[in-house]
There are 2 protein chains.
Amino acid sequence: MAADRPRTRIQEKNRRAILSAALKVFSAQGFRGATLDEIASVAGLSKPNLLYYFPSKEVIHVTLLEGLMDTWLDPLRALSADGDPKAEILSYVQRKLEMSRDLPRESRLFANEILQGAPHIGPLLSGDLKSLVDEKAALIEGWSQDGRIGPVHPHHLIFSIWALTQHYADFESQIKMVLGPAEPDPYPEAERYLTRLYERMLDPE
Amino acid sequence: MAADRPRTRIQEKNRRAILSAALKVFSAQGFRGATLDEIASVAGLSKPNLLYYFPSKEVIHVTLLEGLMDTWLDPLRALSADGDPKAEILSYVQRKLEMSRDLPRESRLFANEILQGAPHIGPLLSGDLKSLVDEKAALIEGWSQDGRIGPVHPHHLIFSIWALTQHYADFESQIKMVLGPAEPDPYPEAERYLTRLYERMLDPE
DNA sequence: AAAAAGTTTGACCAAACGGTCAGGATGACG
DNA sequence: CGTCATCCTGACCGTTTGGTCAAACTTTTT
């Protein structure tokens, strides 16, 4: 399951261009809404040339999802038993919010995939992701029972962090339309809001 | 822009069947992923017959979205200046969570639409929705300034309620996979978690 | 019962789709 | 320079898609 990395410079450049173009198109149109023609056009290649590098539309999609999964879960992996519990969780919230701000396309790519029932990465979710979440949930549960943070259901705490941070990327268009053109960048206020929310929520009273 | 409601019983029955089938298919596959054949099949009609009742796929989609918008915003409309501020907001959270539980397809329909940049209901969002949100945000802002709830950015408070409640419908597949088969219904725990979260968040200190 | 209005369908169409293929262009290298 | 592997493309294919249409069937009205 390895050693299939690009060999030549051209391959590396074109694979990169294709995946970058595919990220744009898949995140904007969803899997079925995206077309190979559009991906090829955005990547600056012809469709047959695109299919010289990837055997099918589905393989491009799965390659993207799997390749981004690591990046996506890094902030949660960084949640450490060593630091101060509240600071660790607040830092996780902040990192996730930064990812929504800096990688909104990636967020929407995953959102699209999950919305459709995760047909392409189901096993990854109930495998690697579940393990990671369970591990970190146990850590949080420990903090909670030691009284270092308030009593809280650890899984739902994690869900809430995902929901609140990714919302700003996934529902960006709605947020922009509701806030109106006067407030073009919701992220600074979002950070203040979320920080306050979790500080109060996690306070051990 | 009115009086185009069904005239005969057959029309009423078939329009209902089509919209119900379309909700299922659109919410599961997205707009572009859905096909008229599948909608017709689910509705128990032939494709040309379906197109006898609706002129195009897009009209079905927009009809659905606009028809459900009212239902979707009812809980927010119910947020009243008369009641106790914290109780009003907590009741809003609870209603929205119930809607995610009872109408997950509707939630995913809207999520799909917003994810794609709200191409079909953009005007509604920056019109009716924005007005409603601004009005209720002003109400919340008033409560906050009167010290009846803690200081909080009202728009982001509303966004957070949307994010946290709709997450359970929109990302249902992920939640199920992460929680595993042992915990089949996350909603009771979600309600406890969200109630606690907003009680702490809104406490006027 | 006949006409009128409303409903349903099979056959069809043009466009768009994912994907193939033979052959030509371009690069790497001795 | 020659040669071999890599890279690229125009033309093409079968299928699916949203949508049309004339004709047939059913219901309602008179």
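Since the structure is predicted, the reported quantities are computational estimates derived from the model, not experimental observations. Chain letters run A, B, ... following the sequence lines, proteins first, then strands; residues in each count from 1.
For the pair Phe54(B) CZ and dT8(C) P, the interatomic distance rounds to 13 Å; values are reported in whole Å. Atom CD1 in Ile39(A) sits about 17 Å away from atom P in dA16(C), given to the nearest Å. In this structure, CD of Gln29(A) is placed 15 Å from P of dA16(C), rounded to the nearest angstrom. As a whole-Å value, the separation of Leu36(A) CG from dG18(C) P is 4 Å. When the P atom of dT9(C) is taken as reference, atom OH of Tyr52(B) falls 13 Å away, rounded to whole Å. Between Lys47(A) atom NZ and dC17(C) atom C1' there is a gap of 7 Å when expressed in whole angstrom units. Rounded to whole angstrom, the span from the CG atom of Asn49(A) across to the P atom of dT20(C) amounts to 15 Å. Counting to the nearest Å, the P atom of dT17(D) and the CZ atom of Phe26(B) are 13 Å from each other.
Considering only side-chain N and O atoms, Gln11(A) lies under 4.0 angstrom from the phosphate OP1 or OP2 of dC7(D). The side chain of Asn14(A) contributes an N or O atom lying less than 4.0 Å from OP1 or OP2 of dC8(D). Put simply, Ser46(A) has no side-chain N or O that comes within less than 4.0 Å of OP1 or OP2 on dC8(D). Using a 4.0 Å cut-off, no side-chain N or O of Thr8(A) falls inside it from OP1 or OP2 of dG27(C).
Residue-to-nucleotide contacts include no donor-acceptor pair under 3.5 Å from the side chain of Lys57(A) to the base of dG19(C).
For Tyr193(A) and His155(B), the gap between ring centers reaches or exceeds 6.0 Å. His153(B) has its ring centre no less than 6.0 Å from the ring centre of Phe159(B).
Ala40(B) comes within contact range of no nucleotide atom at all, as no heavy-atom separation falls under 4.0 Å. Within 4.0 Å of Tyr53(A), counting heavy atoms only, lie sugar-phosphate atoms of the nucleic acid but no base atom. At a threshold of 4.0 angstrom between heavy atoms, the contacts of Arg32(B) are confined to the sugar-phosphate backbone, with no base atom among them. Using a 4.0 Å heavy-atom cutoff across all strands shown, Leu51(B) reaches at least one base atom of the nucleic acid.
In terms of position along DNA chain C, the nucleotide closest to Ser56(A) lies nearer the 5' end than the nucleotide closest to the other residue of the pair Ile10(A) and Ser56(A).
What you find for Leu90(A) and Thr195(A) is that their closest heavy atoms are CD2-O, 3.8 Å. Between Tyr53(A) and Asn49(A) the shortest heavy-atom distance is CD1-O, 3.2 Å.
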